Amino acid sequence: MNFEFATRVKKIPPYLFAEMEDRVSIKKAQGVDIIELGIGDPDLPTPAPIVEEVRKHVLDPENHNYPTSAGELETRQAVADYYKKRFGVEVDPKGEVCILLGSKEGLANIARAFVNPGEKVIVPDPSYPVYAQGATTLCDAVSVRVPLQPKRNFWFEDSPAVLDRTARMIYVNYPNNPTGAVASKEYLIGLYTWCQQTDTIMVYDNAYSELTFDGYVAPSILEYGKEGAIEFGSVSKTFNMTGYRIGYAVGDSKLITGLKKVKSQVDSGAPKFLQKAAAFALSQYTGRDKPRMVQDNIRVFQERRDLLVKGLRDLGFKVDPPKGTFYLWFQVGGSSMAFAEKMLNLGVVVTPGIGFGQAGEGYIRIAATQPTARIEEALERMRRAL
Ligand code: PLP
């Protein structure tokens, strides 16, 4: 039988993370001791009280049937309560919240709801690959890549006036993957205002809002306005729950309605027992401050971040400690792929910057997702080889 991939699928470059995983599996099969600093998947376990919630709810037959694709009302209420306590933003759990199978799914599906074939989507360069591929390319749309400027805190250069006014949608992500950058209130208000003036839908990816250091508190874009904006969040990084696949979208009711409409035809919702565990996790927030279980996490990541910054600086790299995310992003002088290959030969997995866009070339992303002893070992291997 003769058949081919659809044209839109042919346009998708290989997902770098999947390719790296294959490479790493081969090395592991060869018996190489691999230190995994590539993918942004925390090594720390989900806090025990959350796991206990899963255990409790999975045993209840009430939670064994189909959920609703938009999420159980109880979970949406938990997200609304969290937004009120954490960001001071009022949202209607019925019309302005949708539960997701991880925020990745929603970041892709929102484009299916609002972007037509051939329309433009503004995608930062570098950025999380889903914006350009899973969202834009799979909608037969066109991504307009706009470089993030290292000299300007990894924000867009100059004012938003330089952006393409004809775009349907823009993706914005701070704390930022892969650069670790955060954005000021003035900068975000400037972008939001530009979106309002140009009828551009603002998709704000806040997956790392809680993974912040040195007293920095990340805002929600909804603090500056809800009209025309949709924000994506997740329990993945906040509570070490990447494997549970629970995220949420909050914002303009029309955007949420479109997203729900797409989802109703694509998935049947996240398992109820996992939604209940996620709702419990979010309910740990009693105000703007991080609950104890999140603070404990942050302390671990901060110690690792500081160890990596010092170690990499000792090796001669220019590295700034990020205020958000568990990523270190730094220039290696030359091909990022060649550097990553060299590191893989040392048994250390890092992510080449080119995987996040052309502007990522020459950079490497290291994720602080291993215990300090393993990070020390990785730095030692680099010291010997570089
Ligand atoms: N957004 C960014 C910037 C990410 O780095 C990730 C995961 O790495 C996600 C969204 C998706 O997270 P999840 O689907 O686990 O909620």
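Here the structure is a predicted model, which means the values were calculated and not measured. All heavy atoms count here, side chains included; hydrogens, waters and symmetry mates do not. Whatever order the structure lists ligands and atoms in, that order sets their numbers, starting from 1.
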Item to check | Ring centroid separation Tyr327 to Tyr208 under 6.0 Å | outcome: yes
Item to check | Check: Phe301 ring centroid to Phe326 ring centroid under 6.0 Å | outcome: yes
Side chain, backbone, both or neither: the part of [X] lying under 4.0 Å from ligand 1 by heavy atom:
| X | answer |
| --- | --- |
| Asn176 | neither |
| Ser236 | side chain |
| Asn173 | side chain |
| Phe232 | neither |
| Lys237 | side chain |

Verify the distance criterion only: is there a donor paired with an acceptor across the side chains of [X] and [Y] at less than 3.5 Å?
| X | Y | value |
| --- | --- | --- |
| Thr242 | Asp41 | yes |
| Gln77 | Asp81 | yes |
| Asn176 | Thr179 | yes |
| Lys120 | Thr166 | yes |
| Glu210 | Tyr285 | yes |

Show me which atoms of ligand 1 lie under 4.0 Å from any heavy atom of [X].
| X | value |
| --- | --- |
| Gly102 | 14 (O), 16 (O) |
| Ser234 | 13 (P), 16 (O) |
| Tyr208 | 2 (C), 3 (C), 4 (C), 5 (O), 8 (O) |

Could you tell me the residue and atom name of the protein heavy atom closest to [atom], and the distance to it rounded to 0.1 Å?
| atom | answer |
| --- | --- |
| atom 6 (C) of ligand 1 | Tyr128 CZ, 3.4 Å |
| atom 14 (O) of ligand 1 | Arg245 NH2, 2.7 Å |
| atom 12 (O) of ligand 1 | Ser103 OG, 3.4 Å |

Next on the checklist: Between ligand 1 and Glu105, can you find any atom pair, the residue atom being a heavy atom, that is separated by under 4.0 Å?
Outcome noted: no
Next on the checklist: Less than 4.0 Å is my threshold; does some heavy atom of Ala207 fall inside it relative to ligand 1?
Outcome noted: yes
Next on the checklist: Over 60° means perpendicular and under 30° means parallel, so tell me whether Trp329 and Tyr363 are parallel, tilted or perpendicular.
Outcome noted: parallel
Checklist entry - Would you call the rings of Tyr131 and Tyr171 parallel, tilted or perpendicular, where under 30° means parallel and over 60° means perpendicular? => result parallel
Checklist entry - Which one of Thr242, Asp205, Thr325, Ile246 has a non-hydrogen atom at the shortest distance from atom 3 (C) of ligand 1? => result Asp205
